[in-house]
Amino acid sequence: MGNKFVYISFIISMFCISNVIAQGDPDAGAQKTQTCSVCHGPNGNSINPMWPKLAGQHPLYTLKQLQNFKSGSRSNPQMTPMVAALSDQDMMDIAAYYASQSPVESQLPSSMENRDVELGEKIYRAGDTTKSMASCMACHGPTATGNPAANFPNLAGQHASYTAAQLQAFKNESRANDTNSVMRDVALKLTNEEIEAVSQYLQGLY
Ligand code: HEC
Ligand code: HEC
């Protein structure tokens with residue numbers, strides 16, 4: 001990835017972010033998320049660990065995911081029908097609404113209680129030089145709250161089973177909507193044990 005490319009993407013994302021902030025109306029978004037809350041919970045704080053929390057996510061990331069589900073570049077049998085009737089304005093309002101909500105902490109399921117915090121933290125903060133794998137922190141930030149300007153999502157406090165499922169999906173390429181394959185390249189290098197450990201480490205971060 002050349003510097004020029006990074007610079008241009010940065011300008012484009014800044015443009016998109018200012019558009020989302022300017023054009024997304026969180027109050028209108030709240031009205032449009034009544035169906036969504038059946039799975040994603042009140043205010044985007046899903047209670048069921050199979051459904052992702054959306055509260056506190058950066059608006060441009062949420063917007064991109066909704067557009068990707070609509071275009072088919074990201075696909076899921078539960079989500080795909082949910083976006084069919086959404087307009088661009090609906091998506092911007094919804095993204096603005098979830099961004100304005102605060103994430104709520106949830107307990108790890110008891111089946112995950114013997115997590116290897118040290119391994120998860122090491123992968124997250126240092127990566128693995130023996131596999132030339134960048135640290136997650138390099139993109140998702142020291143507290144895993146992401147980087148809105150570069151459109152790196154907030155991962156802090158997300159349900160571990162959802163995070164692990166996404167890492168597996170990037171690894172087997174059933175999720176391939178990451179620009180320039182950034183996440184697929186990382187996930188390919190993770191073992192199943194490392195995926196579990198880093199996902200559980202992330203759920204504990206606030
Ligand atoms: C029947 C349950 C269900 C309903 C209702 C639902 N979703 Fe989802 N949603 C899911 C599932 C399951 C996923 C994870 C998909 C995957 O694994 O790729 C998801 C993922 C998402 C994501 C991606 C999150 C991320 O971190 O990448 C967004 C954004 C989203 N949903 C928004 C919505 C919106 C907006 C609505 C209402 C218009 C909605 N969902 C309704 C089940 C649901
Ligand atoms: C080079 C930058 C980069 C690195 C390094 C990186 N990520 Fe990502 N990650 C991204 C981008 C960009 C996306 C958004 C992809 C998209 O547009 O759907 C993402 C998305 C994700 C998602 C999906 C979030 C969701 O809500 O669905 C997870 C989980 C994730 N990354 C975890 C990790 C972990 C764990 C590591 C370290 C092992 C890591 N990432 C390293 C850039 C990076």
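Whatever order the structure lists ligands and atoms in, that order sets their numbers, starting from 1. Index from 1, following the sequence. All of these numbers come straight from a predicted model, not from anything done at the bench.
- Close approach of ligand 1 to T62 (heavy-atom distance below 4.0 Å) involves ligand atoms 29 (C).
- Tracing side-chain contacts under 4.5 Å through hydrophobic residues (I, L, V, M, F, W, Y), one never reaches F152 starting from V198; they form parts of separate clusters.
- Atoms of ligand 1 lying under 4.0 Å from any heavy atom of R74, numbered from 1 in the order shown and given with element: 15 (C), 16 (C), 18 (O), 23 (C), 25 (C), 27 (O).
- Residues R184 and D178 form a side-chain contact, since some pair of their non-hydrogen atoms from C-beta on lies under 4.5 Å apart.
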request  = Show the numbers, then the answer: is there a side chain to side chain contact (heavy atoms under 4.5 Å, CB included) between L63 and M92?
outcome  = CA-CA 6 Å; L63 177 65; M92 286 189 280; 4.0 Å; yes
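- Hydrophobic clustering (side-chain heavy atoms under 4.5 Å, transitive across Ile, Leu, Val, Met, Phe, Trp, Tyr) keeps V83 apart from Y162.
- Near T163, the atoms of ligand 2 lying under 4.0 angstrom from a non-hydrogen atom of the residue are 29 (C).
- In terms of polar-atom proximity, defined here as any N/O pair under 3.5 Å, Y61 does make such a contact with ligand 1.
- By the 4.0 Å heavy-atom criterion, T35 is counted among the residues contacting ligand 1.
- For the pair Y162 and ligand 1, the shortest N or O to N or O distance falls below 3.5 Å.
- No continuous path of hydrophobic side-chain contacts links Y61 to L54 [ILVMFWY only; heavy atoms under 4.5 Å].
- Side-chain N or O atoms of H58 include one that pairs as donor or acceptor with a backbone N or O of T145 at under 3.5 Å.
- Here the side chain of Q158 pairs no donor or acceptor atom with the backbone of P52 at under 3.5 angstrom.
- Follow the hydrophobic side-chain contacts under 4.5 Å out from L188 and you never reach M133; the two are in separate clusters.
- If you check the side chains of N177 and R175, you find a donor sitting under 3.5 Å from an acceptor.
- Side chains of S106 and K53: a donor on one and an acceptor on the other come within 3.5 Å.
- A salt bridge links K131 and E194; the closest N-O separation between the charged side-chain nitrogens and carboxylate oxygens is under 4.0 Å.
- With waters left out, the protein N, O or S atoms under 2.8 Å from atom 8 (Fe) of ligand 1 add up to 2.
- Under a 4.0 angstrom heavy-atom cut-off, S135 registers as being in contact with ligand 2.
- Atom 23 (C) of ligand 2 has R175 NH1, 3.6 Å as its closest protein atom, hydrogens excluded (heavy atom only).
- Between I94 and ligand 1 there is a heavy-atom distance shorter than 4.0 Å.
- In terms of modelled atom types and a separation under 3.5 Å, the side chain of S199 and the main chain of A164 share a donor-acceptor contact.
- Applying the 4.0 Å criterion to heavy atoms of L66 picks out, from ligand 1, the atoms 29 (C), 32 (C), 35 (C).
- Neighbouring protein atoms of atom 8 (Fe) of ligand 2 (N, O or S, distance under 2.8 Å, waters ignored): H140 NE2, M183 SD.
- Q65 counts as a contact of ligand 2, since one of its heavy atoms falls under 4.0 Å from the ligand.
- Inspection of the D88 and Q67 side chains reveals no N or O donor paired with an N or O acceptor under 3.5 Å.
- With a 4.0 Å heavy-atom cut-off, ligand 2 is reached by no atom of T179.
- Using a 4.0 Å cut-off to heavy atoms of K64, the atoms of ligand 2 that qualify are 16 (C), 17 (O), 18 (O).
- Distance alone, capped at 3.5 Å, is enough to place a donor-acceptor pair between the T33 side chain and the A30 backbone.
- Between the side chains of N48 and S46, no donor-acceptor pair is found at a separation under 3.5 Å.
- Judged purely by distance below 3.5 Å, without hydrogens or angles, the side chains of D93 and Q89 pair a donor atom with an acceptor atom.
- At least one heavy atom of Q166 sits under 4.0 Å from some atom of ligand 1.
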